[in-house]
Amino acid sequence: MADRPIWKSGVTLAVIAAICTSLVAITWQLTAERIETNKKEWLERSLQPALAGLFFDSSVTESMLMIPPPHELPGSGTAIIYRVYAGEKPVAALFVVSARDGYAGPIRLLIGIAMDGTVTGVRVLEHRETPGLGDRIEITKSGWVLQFDGHSLQDPEPARWALKGDGGDFDQLTGASVTPRAIVNAIRQTLTYFDANRVAVFAAMADDEDGASQEAE
Amino acid sequence: MMSVGLLERFKTGLWRENPGLVQLLGLCPLLAVTASFVNGLGLGIATLAVLMASNALVSATRRWIQPEIRVPIYVLIIASLVTCIELIFKAWFPDLDRSLGIFIPLIVTNCAIVARAEVFASRNPVGSSIIDGLVMGTGFALLLMTIGAFRELFGQGSLFARMDMLFGGEPVRGIVLAENGWLLLVMPPGAFFSLALAIAAKNAIDGRRKDARTELPRHARTLNR
């Protein structure tokens, strides 16, 4: 058995490798389209809650804008902005940013801001906060993130954009203070950015997912 | 082991040689994903599917595989199957795929699978190997579900939350018994405690049976830990 020539082993390996590769290739063929649709659907679906009460008719994901660092938005990584339109008219902007100073690493946030500067919705996309304490920032665990809806930089005034314990207007979470503070700060910073860059945000060309530019708006 | 009936085979996989409880294989995914019942069930199903398919393929090709290259071939087969399962999950259970994250691709590293290929599928006919994959995979999945249910119940105060990730529909909160639980159980140390309790419970039951019958249970501890 041990005297079998080495090339025979090589051939066996090659044949098995070919079989396995085709197995993966066939599965990929069968699933690729569904996976792509799922990805788009999930993105659209996860962006909807930040657009409560707005009328819009554009596909949200088509007007993506990537803002590479450095930028004045929260977080050190690339921020993403989705522009939302009703016909030709800009309606709102969705920001995907990171609140860097969470209790356990960055908190990925989705923040919707209407053209008049009011918050249309906030959702936590990704976080590693403590289960049972900090994770009540998730909409499936508690309604805490809903308290920002309808507020803007004028309401309350910037100094009061903080937790009640820090002399501001917003509710905290029992047992967790770092997590909510990080989120309040990130929202205020995003509102400030939008206030200063409103025109530029909507004038920029869209990036598609591969980073290539599409037609200008 | 080959001549015993199906029922005996199931008893072996689910209890006597349970991959998680007795052979202590595949502990990394077991400890990592069992924070909730649905995660345990999802990873259990994925592992079961990979185990059955890999046992079938290894057994079907066993006559052509020279012993000196068997390990790279097992790795190749298992890695391809896991990739297929991952694609299938992404296509049909996208929410669950997101929830299990890296642990679907990491099924590759579940040594329970390569262990079954080595000790069983490489020496037995296809049918018997598929049954082996079925009973061992079921044993592993049931353990994942038990520990998942335990940790979710006492750690979060709920049971069967987010079952929609497997069966579709609106997000569900499951049976909510309390708003909070004993946090530690949901966190990583809780996984170790829960597994230890499960193993202790099994040993206690076995011990009692042994006393009753005064006959040694036959633990065939064939493999490395």
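In what follows, chains are A, B, ... by sequence order, proteins preceding strands, each numbered from 1.
- Taking chain B as the reference chain and counting heavy-atom pairs below 4.5 Å, the highest number among A/Ile19, A/Ile16, A/Thr21, A/Val15 is found for A/Ile16.
- Interface residue B/Leu81: only side-chain heavy atoms are found under 4.5 Å from chain A.
- Residues B/Gln156 and B/Ser36 have side chains that never bring a donor and an acceptor to within less than 3.5 angstrom of each other.
- Listed by chain and residue number, B/Glu118 satisfy the salt bridge (charged side-chain N to carboxylate O under 4.0 Å, His left out) test with B/Arg70 (two or more places apart in sequence, or in another chain).
- Counting only heavy atoms from C-beta outward, the side chains of A/Trp161 and A/Leu191 approach each other to under 4.5 Å.
- Only the side chain of B/Asp95 has a heavy atom closer than 4.5 Å to any heavy atom of chain A.
- With a 4.5 Å cut-off on side-chain heavy atoms, B/Leu197 and B/Phe150 count as touching.
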